[in-house]
Protein chains: 4
Amino acid sequence: MTKPLSGIFTPNIVPLDPRGEINEGELRRYVDWLIDRGVHGLYPNGSTGEFTRFTPDERKRIIKIVCEQTKGRVPILAGAAEANTRETIKACELYHEYGARAVAIVSPFYYKLSPDSVYAYFREIATNSPIDVTLYNIPMFASPIDIPTLRRLSEFDRVIGIKDSSGDVAFMGRMVNTIRPNRPDFVFLTGWDVVLIPMMLMGADGGTNATSGVVPELMRRMWDLYQGKQQDAAMEIQLRLIELFDTMLYSADFPEGFRAAVELRGFEFGKGRQPLSEAQSVDRVALQRVLQCILADFGVVDAPLEGCVTRSGDLERDKVAQIAQEVMSKLRERGVI
Amino acid sequence: MTKPLSGIFTPNIVPLDPRGEINEGELRRYVDWLIDRGVHGLYPNGSTGEFTRFTPDERKRIIKIVCEQTKGRVPILAGAAEANTRETIKACELYHEYGARAVAIVSPFYYKLSPDSVYAYFREIATNSPIDVTLYNIPMFASPIDIPTLRRLSEFDRVIGIKDSSGDVAFMGRMVNTIRPNRPDFVFLTGWDVVLIPMMLMGADGGTNATSGVVPELMRRMWDLYQGKQQDAAMEIQLRLIELFDTMLYSADFPEGFRAAVELRGFEFGKGRQPLSEAQSVDRVALQRVLQCILADFGVVDAPLEGCVTRSGDLERDKVAQIAQEVMSKLRERGVI
Amino acid sequence: MTKPLSGIFTPNIVPLDPRGEINEGELRRYVDWLIDRGVHGLYPNGSTGEFTRFTPDERKRIIKIVCEQTKGRVPILAGAAEANTRETIKACELYHEYGARAVAIVSPFYYKLSPDSVYAYFREIATNSPIDVTLYNIPMFASPIDIPTLRRLSEFDRVIGIKDSSGDVAFMGRMVNTIRPNRPDFVFLTGWDVVLIPMMLMGADGGTNATSGVVPELMRRMWDLYQGKQQDAAMEIQLRLIELFDTMLYSADFPEGFRAAVELRGFEFGKGRQPLSEAQSVDRVALQRVLQCILADFGVVDAPLEGCVTRSGDLERDKVAQIAQEVMSKLRERGVI
Amino acid sequence: MTKPLSGIFTPNIVPLDPRGEINEGELRRYVDWLIDRGVHGLYPNGSTGEFTRFTPDERKRIIKIVCEQTKGRVPILAGAAEANTRETIKACELYHEYGARAVAIVSPFYYKLSPDSVYAYFREIATNSPIDVTLYNIPMFASPIDIPTLRRLSEFDRVIGIKDSSGDVAFMGRMVNTIRPNRPDFVFLTGWDVVLIPMMLMGADGGTNATSGVVPELMRRMWDLYQGKQQDAAMEIQLRLIELFDTMLYSADFPEGFRAAVELRGFEFGKGRQPLSEAQSVDRVALQRVLQCILADFGVVDAPLEGCVTRSGDLERDKVAQIAQEVMSKLRERGVI
């Protein structure tokens with residue numbers, strides 16, 4: 001049975017212009033760039049896409065732009081969570097018109113809801129949506145979707161899959177064991193980039209991986225190696241990606257580290273909607289230098305002119321060392337030392 | 001120094017009509033009812049008010065209605081959190097025009113932000129808002145506001161206070177110790193109804209208490225007793241309120257239990273925006289019966305016709321027992337038994 | 001009805017000699033000192049007393065020494081948790097012989113047990129112990145004792161009370177509401193020093209407060225003021241104690257901060273059983289200086305010779321400033337500056 | 001480089017006799033049975049082995065018995081955590097004499113310690129132990145060992161590996177990335193049975209898996225398939241093991257579910273040290289029936305005489321259905337129905 005969704009989906013960040021508005025030109029350019037580098041699909045209005053920081057109208061515009069620009073080259077998984085089920089269903093209708101392949105709906109957040117409430121919420125959407133629905137489980141941010149709830153929801157044909165960002169490989173196995181026997185077509189996507197291959201081993205069909213917004217060619221190469229039965233080579237990339245992912249994820253409040261990294265690929269993403277303190281702005285400069293060195297090691301960008309210090313694994317130390325290197329280099333250049 | 005805000009503020013729920021729209025008439029009647037029963041202020045668009053489940057336009061309409069209906073009888077603390085700082089600042093401007101006394105801004109949610117990000121977020125709002133700002137700390141739902149961040153934010157005159165729903169009495173003491181010396185006017189409100197008096201003892205100025213939306217006269221009486229140095233009598237009410245609060249809070253997904261209770265006071269709140277499963281709908285009927293018995297003990301509503309069973313403290317058991325009582329009563333009535 | 005236990009109990013730390021053995025002489029001197037300064041009871045082998053870091057034989061010796069030295073002047077609440085119920089019951093028998101007033105048994109730890117297991121564990125002890133049993137709830141370290149479990153356990157006459165270190169004032173109210181009607185004699189002690197007065201307001205009978213091992217006279221004064229209906233004066237001390245408690249609790253891994261503080265009262269506690277890293281050892285010196293300044297403000301010790309810097313509320317900064325002050329003072333003394 | 005430890009280690013449970021004492025005969029028989037069924041090593045005094053519920057003398061006796069009985073057939077990893085570093089080092093010395101291959105020391109528990117304290121604790125042991133030391137990270141029960149702390153500890157030659165029970169596959173990758181370059185001999189064992197193969201993929205050398213105490217032949221077969229490059233066949237077992245593991249782990253307080261399962265393999269393990277409530281004892285009977293059906297599906301035990309109901313994936317329902325099946329079967333047998 002052909003899966004409606006599989007492979008690497010990019011939960012794409014939205015570039016902003018100097019006024020803080022959606023930078024449509026850059027967004028279109030970014031969409032092309034991602035598709036050209038081989039991602040299998042796009043996932044606008046995800047957590048990486050900061051959907052909560054846009055207004056309902058902006059969220060709709062983002063999907064419209066991405067669908068238009070993609071022109072069917074790859075399937076679009078459109079984040080469609082709105083303030084309540086009625087608004088969400090309206091968004092489902094709209095994104096269906098726009099040509100999205102499916103929507104992804106994050107489990108209710110802010111309030112921590114019981115499994116029964118999570119079920120009732122998705123049931124209402126599933127029975128009213130004209131477009132296929134992918135559940136989105138991200139327990140660190142939203143009410144968890146547990147196995148019994150997933151089983152109940154898998155009884156709706158409209159629910160075609162789940163995107164899981166728990167990072168728990170055993171949980172993937174539990175989902176697969178529970179759902180596959182009755183729904184062999186059900187799609188399992190993982191949002192935890194650093195265990196994509198282990199997740200595939202447990203039965204996942206692919207991933208919605210923020211890292212693919214930064215190094216799409218690498219994620220695609222890892223995917224192709226795995227599909228081509230070259231697992232050892234795939235695992236080599238998988239293990240190397242941990243440093244990049246961790247640096248982007250844990251060095252700044254999500255998704256600012258990913259935003260800092262993608263700028264190095266030649267895009268203007270502008271200032272994020274969440275303001276930065278002075279200390280954070282300074283820190284971001286240092287972080288970006290280290291990220292440049294990590295990306296240079298992968299061969300996707302040039303190293304900084306001053307070269308890269310050997311990374312110690314301690315990011316704080318590495319940021320200071322790299323900045324010191326740059327300062328020394330400039331002083332030397334000017335003949336000061 | 002006169003505090004801009006003190007006493008009992010009701011974070012009011014919004015009644016919905018059968019189509020799921022804001023029931024303006026019932027909301028206005030509810031506002032009057034609350035003010036008549038002595039609450040010191042209103043707090044629309046709070047967590048109890050399910051602000052996340054309304055659209056931006058609806059949120060604005062709620063504040064407009066509440067401000068209009070209140071006509072200055074009590075101060076309005078308007079929940080103004082929107083998708084990002086720009087939208088939030090626009091809401092601040094609007095609510096200022098509407099005549100709200102201050103806004104309350106919940107700490108950023110969904111993403112779990114670092115203290116520095118929480119600071120940068122509120123700083124941007126504080127330096128641009130034309131209306132006084134109250135911080136809203138609710139660590140179970142949103143990024144926590146810690147003591148150092150609170151201290152930094154208290155340097156902005158526009159930030160006049162904090163509403164804390166941590167329920168942690170020691171934390172109230174820490175806040176008071178840290179902020180009062182430099183900002184004797186700073187307002188501390190607690191959102192944890194069951195420790196209002198202990199919080200007052202630690203230095204709180206009042207509370208935004210969902211319970212006051214159900215039994216405003218009781219919360220007011222407790223407040224008056226405490227202010228009148230009749231602490232023992234106040235504590236008697238405080239301890240008795242625990243059963244009511246816990247039943248409303250832990251029996252259903254927040255704030256459905258409060259919604260079930262306030263209906264018993266003679267209001268039509270309609271179905272909530274978060275759908276209920278069949279099991280939840282059935283359970284809600286049983287819950288409401290037990291709530292009616294608890295409220296009847298306080299003398300604010302009549303007991304059910306079939307009388308009340310002695311509550312065991314085990315809500316599940318009590319719900320069954322109370323429903324059984326009702327069934328038996330009806331059977332007797334019809335001569336079946 | 002007279003309560004078997006009430007007032008301030010000190011969960012006393014155990015002094016060690018240079019070889020790391022129990023320093024019996026110093027322990028006896030410490031017991032006398034605490035009783036002389038007014039604590040109402042002693043609680044050896046508590047969490048503050050690092051019961052897990054002593055061998056079973058050492059734990060027994062500690063109780064023996066404390067009971068002997070106390071000679072009935074104050075009641076002893078003896079921590080009696082051992083590896084399993086059989087060993088614990090043996091300890092109960094022994095401590096009964098030693099003359100302890102009651103034992104305190106921490107809820108099972110390491111494994112996180114369900115309420116039913118917690119019940120079964122304490123039931124076995126309660127039905128076999130010749131000495132009154134106090135339950136010890138410390139959810140941050142051990143399996144929690146919830147309200148239904150407490151109610152079931154309160155049916156055993158041998159269970160005379162609970163020591164709760166949750167720090168949750170509302171939980172105290174819940175316990176009191178649930179247990180008092182049937183067991184008016186049941187004892188409620190709080191282990192959360194910074195909310196002792198609020199806890200008393202909710203119905204607590206006293207506290208087992210590590211702070212009383214450092215400033216027994218202050219805790220006693222606060223107690224006496226509260227008992228003497230001078231609540232405002234008691235609250236003034238309560239609020240001031242927060243800085244001391246927080247500094248001891250959060251500045252080092254528990255209970256090292258309390259150990260550092262009590263040394264300032266003139267006791268040799270020796271090196272703790274948990275080794276310190278070099279950084280921790282250096283940090284402890286700085287911490288002790290700040291603690292000396294805090295204690296000097298209470299008038300219980302002299303300020304350091306070099307005087308005290310104004311504390312900023314930021315402990316890390318204060319430690320550096322205080323050490324700098326000392327260094328400068330010494331340099332001045334030697335005529336270097 | 002030959003790893004000192006690799007493969008499947010069984011963290012063996014200790015059988016007790018009717019008086020609650022260690023059942024030496026049964027323990028020896030169990031050791032033989034495990035070795036005969038192919039486990040690569042034994043790990044007495046682990047969490048599954050309930051080390052905290054034995055006295056220090058009993059813990060020593062357990063290691064002695066297991067070492068004696070094993071007679072060098074497989075390496076012994078001896079759990080050696082005692083009340084403090086001095087006692088732990090003494091245990092290290094003793095277990096060295098007994099012939100254990102290495103000790104495993106759980107990170108300090110009860111108190112939640114900072115990374116620096118965890119470091120200082122293990123450093124003291126590492127510099128004094130005459131036997132190789134394996135760190136034991138089990139963050140759900142004990143102070144976590146983070147990556148920087150692991151790196152610092154890996155500088156001691158005496159520290160030869162880590163046993164990690166976090167269940168986090170990405171964390172395994174992080175450890176491997178960080179430690180391997182400098183310590184290619186360092187051993188990584190996972191305690192999370194349901195992701196053993198994914199962990200191997202990330203670089204683990206084996207596992208200490210409680211499931212291997214119940215179905216050693218299955219765990220060994222999975223291991224051999226993986227080593228023999230038959231990954232798909234290994235993964236088939238891996239996925240099937242989830243049901244067994246989850247049923248043992250989540251159906252009762254750990255490790256009672258494992259104890260219930262191993263009895264089905266023909267051993268008398270006796271009553272555990274942690275008492276059971278009446279409800280738990282009844283529940284255990286039902287659980288054991290379901291476990292027998294799961295094990296029968298693997299072909300390692302016979303199905304119950306009454307046959308097995310189709311499992312629904314909802315354990316509570318399955319327990320009831322299986323017991324009902326048994327009752328019906330008996331009634332039929334007696335001609336009642």
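Convention: sequence-line order gives letters A, B, ...; per-chain numbering from 1.
The residue among B/Glu82, B/Lys112, B/Arg86, B/Glu124 with the most heavy atom pairs within less than 4.5 Å of chain A is B/Arg86. Considering only heavy-atom pairs separated by less than 4.5 Å from chain B, the leading option among A/Ser47, A/Ala142, A/Pro255 is A/Ser47. Per-residue heavy-atom pair counts under 4.5 Å with chain B were compared for A/Asp116, A/Thr55, A/Ile138, A/Asn84, and the maximum is reached by A/Asp116. Comparing A/Arg123, A/Glu87, A/Glu58, A/Glu256 by how many heavy-atom pairs each has under 4.5 Å with chain B, the most go to A/Arg123. Your options are A/Ser117, A/Ala279, A/Ser277, and the one with the most heavy-atom pairs under 4.5 Å with chain B is A/Ser117.
The aromatic ring centroids of A/Tyr110 and B/Phe141 lie less than 6.0 Å from each other. Between B/Phe254 and B/Tyr250, the gap from one ring centroid to the other reaches at least 6.0 Å. For A/Tyr30 and A/Phe269, the ring centers are positioned less than 6.0 Å apart.
Contacts of A/Gln274 with chain B are made by side-chain atoms alone, with heavy-atom separations under 4.5 Å and no backbone atom involved. Using a 4.5 Å cut-off between heavy atoms, B/Tyr111 contacts chain A through both its backbone and its side chain. For a residue to count as touching a neighbouring chain, one of its non-hydrogen atoms must lie under 4.5 Å from one of that chain's; by this rule A/Glu50 touches chain B with backbone and side chain alike. In this structure, chain A has a heavy atom under 4.5 Å from the backbone of B/Leu276, while its side chain stays farther away. Contact annotation for B/Gln280: both backbone and side-chain heavy atoms come within less than 4.5 Å of a heavy atom of chain A.
For the pair A/Asn23 (side chain) and A/Pro15 (backbone), a donor-acceptor distance under 3.5 Å is absent. Put simply, the side chain of B/Arg59 gets close to the backbone of B/Phe54: a donor and an acceptor are under 3.5 Å apart.
There is no side-chain donor-acceptor pair under 3.5 Å between A/Ser107 and A/Ser143.
Under the 6.0 Å distance and 45° angle rule, B/Arg152 counts as a cation-pi partner of B/Tyr119.
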